[in-house]
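Notes for the one structure printed next.
Quick note: numbers below take in every heavy atom, side chains included, and nothing from hydrogens, waters or symmetry partners.
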Amino acid sequence: MRRLIFSLIGIIAAAAIAIGINMFADARLANVQLDLTQGHIYTLAPGTRQILGALKEPVTLRLFYSKQLGSSVPAYGTYADHVREMLEDYASVSNGKVKLEFYDPEPFSDTEDRAMAYGLQPVPLDQNGSQVYFGLAGTNLEDDEKTIPFFQAERERFLEYDLTKLVYDLSNPARPVVGVMSSLPLDGDPQAMMMSRGRGAAGQPYASTVLLRQTNTVKTVPLDAQVIDPDIQVLLVAEARDLSPATLYAIDQFVMRGGKLMAMVDPWSEALASTPSQTGMPPTDTHSDLKTLFDAWGIQFDPTKVVGDLTGAWRVRAGGDDEVQAVSYVAWFNIRDGINHDDPATADLQQVTVASAGSLSKAPNATIDFTPLLSSSDRSELLPVDDVKMPDPAKLLAGFKPEGGPRVIAARVHGVLKSAFSGPPPLTGDQKRPDNFPEYKAQTDGPANLIVAADSDILADRFWVHVADFFGQQTATPFADNGPFVANLIGTLSGSDALIGLRSRGDTNRPFTLVAAMQSDAEAQYRQTQQALQTHLDDVEKQLRTLRSGGENGKAEAVITPEQREAIDTARQDILQTRGKLRAVQLELNRDISRLETEMRVFTIVVVPLLLTVVAVTMGILQRRRRARARR
């Protein structure tokens, strides 16, 4: 009786201790996490913590998630849990600056009307017309709104980037200021427009510039500028030709002072080559280069070479007047597999078209981080730039020999940079220093963020949109992602340095790679066996038809001989056996996978609890022995 009472007291004490530990953990350890996932998908990046810790005004995030979606598609239920947990981490790290609200927008409810008012995207769940929501709406004290219309499963790797960018945009509502320095008529060519008398797209602003102006304040920077306006956050230098040392110095010092730069150079600008000149003669040189800056920053670019690529090469008309044929022009090609899908700015892009592009590389002994964004395929080659000035596509294709690929055409550059100048260069002629001329800086205070591209024709309409006139209104229909490529990259540069540092993380959907490999191997083996059996079956059935028709000559006989009857029976038996083997092979297809599944179930249901039981019993025995020794 006494032992029973002590046992009950021990059970009650153990329960009290467990409850106490849970209460303490809930009160004191609620924010303590141990993230053992591959990619640390539940751990906020330092850049996110920096942005959240610097918030000065409250930001309210409202998650609209239809529970019916998770019930019907469990994968979205898991994703929704991931989103909710990450939002709660944001609120915890922000010191109360991030306010969270969660809603379940049921059909025909006020909550659904609110989700629609924010512009969130409803998605039909079934044929009955039921719609579900899974989006986020964020607001600040000035009633600025930013939304994620629907959390696409394909972007789960970029969930932290998307959420952090939304919070950053709400805490910095002013439109980014982008400076544009270019020899191209990006804002339109009035002379060409007058010559076309308003017909067609001649002289119209580039569609890429129109897209850039939708989300940014764009300022034109003169090609002879000595100082970059300090209000400019991002400077786009695109096909800026014949820049003086004073202007190169202005760009250099802009970067040294922490400005973000996107530089687009080109060994041969197709856009400039097709622009009418005052003399009426085609240009002999349209290249642009920033050699002085690139050499100092550890970037290599050869303006005498053009990348040709068989993969994605455009089909163009070539030949004389008598014989016109379609030929692959290797200097113009679409990039699909060469897009970096681990970078938030290019993750969703499907195709970028380049024309007479050059190649970029990291200089030997350079200390920068050089991350490719666009690359050619393995079937690429470097061509002399003279081959594309007056091109013969058929001749180029005939002599094309892919080697040494892939080549980098666009890249991110990150690192501490030193100035390409030892001080302000001397002025020429009647030049004078402006009043706001800043002091010389020898290097960046921290890591600089640049984007370099060896093709400026990415901006040209002809390589990514079809422009048509619709009752006097110009309409552009994209067939490539060139415009979004530039706009997205400018968008990442115009954000915080911490935001630029965010990259794709893992996602909660962890595929069973071992099972997938086993299934692939089993299916390959099954297909080989099936093909052999099917070939044998076809041969036997053909033989049987020959026997039934009366022989090889096809003449039917009135009486079938015993030998023919025996051969027919043998063929029938062979057919039955072969079909049985085919069925057996089909049944064996998933044998290894089923066995692995069974083993995993046994391990999780039986072995793990059994091991825990053994450990608990062993610890109990050891504890009892210790007590027994203590009593002695």
Side-chain angles (χ1 to χ4, degrees), residues 176-187 189 206 209 212 216-269 271-272 275 283 285-303 358 360 413 417-444 448-459 486 490 493-494:
V177 180
V178 177
V180 177
M181 178 185 294
S182 179
S183 300
L184 297 170
L186 299 180
D187 287 323
D189 186 349
Y206 280 29
T209 306
L212 195 61
N216 303 277
T217 299
V218 177
K219 291 185 175 181
T220 300
V221 179
L223 292 172
D224 59 353
Q226 294 188 46
V227 176
I228 306 301
D229 191 333
D231 291 339
I232 292 176
Q233 298 165 258
V234 182
L235 178 63
L236 172 61
V237 179
E239 186 62 20
R241 287 174 41 80
D242 303 325
L243 298 181
S244 68
T247 302
L248 290 173
Y249 176 80
I251 298 172
D252 173 272
Q253 291 298 291
F254 172 78
V255 174
M256 296 302 111
R257 294 194 303 271
K260 312 300 190 305
L261 173 67
M262 182 170 181
M264 305 182 77
V265 295
D266 207 326
W268 178 256
S269 170
L272 276 185
T275 301
D285 182 16
T286 63
H287 95 279
S288 59
D289 194 2
L290 297 174
K291 179 176 174 57
T292 302
L293 304 182
F294 283 6
D295 286 349
W297 299 343
I299 304 168
Q300 289 186 328
F301 166 68
D302 185 357
L360 299 162
V413 175
L417 302 180
K418 293 184 178 181
S419 173
F421 297 84
S422 58
L427 298 178
T428 59
D430 297 332
Q431 285 184 321
K432 295 181 180 180
R433 304 250 187 238
D435 295 335
N436 61 341
F437 197 77
E439 293 185 4
Y440 167 75
K441 280 186 67 70
Q443 69 174 38
T444 58
N449 290 290
L450 316 176
I451 292 169
V452 290
D455 183 33
S456 62
D457 292 311
I458 290 175
L459 298 167
V486 176
I490 292 291
L493 289 178
S494 63

* Asked: Does the side chain of Phe421 come within less than 4.5 Å of Thr292's, by heavy atoms?
  -> yes
* Asked: What is the minimum heavy-atom distance between Asp231 and Val177, and which atoms define it?
  -> O-CB, 3.5 Å
* Steps toward side chain to side chain contact (heavy atoms under 4.5 Å, CB included) verdict (Thr209, Val180) -> CA-CA 10 Å; Thr209 306; Val180 177; over 6 Å; no
* pair Gln253-Tyr440: side-chain heavy atoms closer than 4.5 Å -> yes
* Under the 3.5 angstrom rule, does the side chain of Trp297 hit a backbone N or O of Lys418 as a donor-acceptor pair? -> yes
* To do: Of all the heavy-atom pairs spanning Tyr206 and Leu459, show the shortest one and how long it is.
  => CD2-O, 3.3 Å
* Under 3.5 Å donor-acceptor, Gln233 side chain and Leu493 backbone -> no
* **Side-chain donor/acceptor of Asn449 to backbone N/O of Lys260, under 3.5 Å** => no
* To do: Any chance you could measure Met256, atom CE, to Glu439, atom CD, to the nearest 0.5 Å?
  => 16.0 Å
* Determine the minimum heavy-atom distance between Ile232 and Gly179, stating which atoms define it. => CG2-N, 3.5 Å
* To do: With rounding to the nearest 0.5 Å, note down the distance linking CG in Leu236 to CG in Leu212.
  => 7.0 Å
* Asked: Do Phe254 and Asp229 touch side chain to side chain, with heavy atoms closer than 4.5 Å?
  -> no
* To do: Let me see the working for Thr247 and Leu223 under side chain to side chain contact (heavy atoms under 4.5 Å, CB included), right down to the final yes or no.
  => CA-CA 7 Å; Thr247 302; Leu223 292 172; 6.0 Å; no
* Asked: What are the two closest non-hydrogen atoms of Ser183 and Leu272, and how far apart are they?
  -> O-CD2, 4.0 Å
* Asked: Can you find a pair of side-chain heavy atoms, one from Leu235 and one from Leu261, that are under 4.5 Å apart?
  -> yes
* Walk me through it: do Leu243 and Leu290 pass the test side chain to side chain contact (heavy atoms under 4.5 Å, CB included)? => CA-CA 9 Å; Leu243 298 181; Leu290 297 174; 4.0 Å; yes
* To do: Look at the side chain of Ser456 and the backbone N and O of Met264, then say whether any donor-acceptor pair between them is shorter than 3.5 Å.
  => no
* Which word best sums up how the rings of Phe437 and Tyr249 line up, parallel for under 30°, tilted for 30 to 60°, or perpendicular for over 60°? -> parallel
* Asked: Just how far is it from atom CG of Leu417 to atom CD1 of Ile299, taken to the nearest 0.5 Å?
  -> 7.5 Å
* Taking the side chain as every heavy atom from C-beta outward, state whether Val265 and Pro303 have any pair of such atoms under 4.5 Å apart. => no
* Asked: Going by heavy atoms in the side chains, are Ser269 and Arg241 under 4.5 Å from each other?
  -> no
* Do any N or O atoms from the side chain of Asn216 and from the backbone of Val218 form a donor-acceptor pair under 3.5 angstrom? -> no
* Is there a side-chain contact between Leu293 and Val255 (heavy atoms, below 4.5 Å)? -> no
* Structure fact -> Residues Pro267 and Ala454: closest non-hydrogen pair is CD-O, 3.7 Å
* To do: Check Pro434 against Val227 and note the closest heavy-atom contact, atom names and distance.
  => CG-CG2, 3.6 Å
* Taking atom types as modelled, is there a side-chain donor on Glu239 or Ser288 under 3.5 Å from an acceptor on the other? -> yes
* Asked: Below 4.5 Å, heavy atoms only, C-beta onward: do Val452 and Phe301 meet side chain to side chain?
  -> no
* Over 12 foreign heavy atoms within 6.0 Å of NZ, Lys291 -> no
* Mind checking the NZ-CD1 spacing from Lys219 to Ile228? Nearest 0.5 Å is all I need. => 11.5 Å
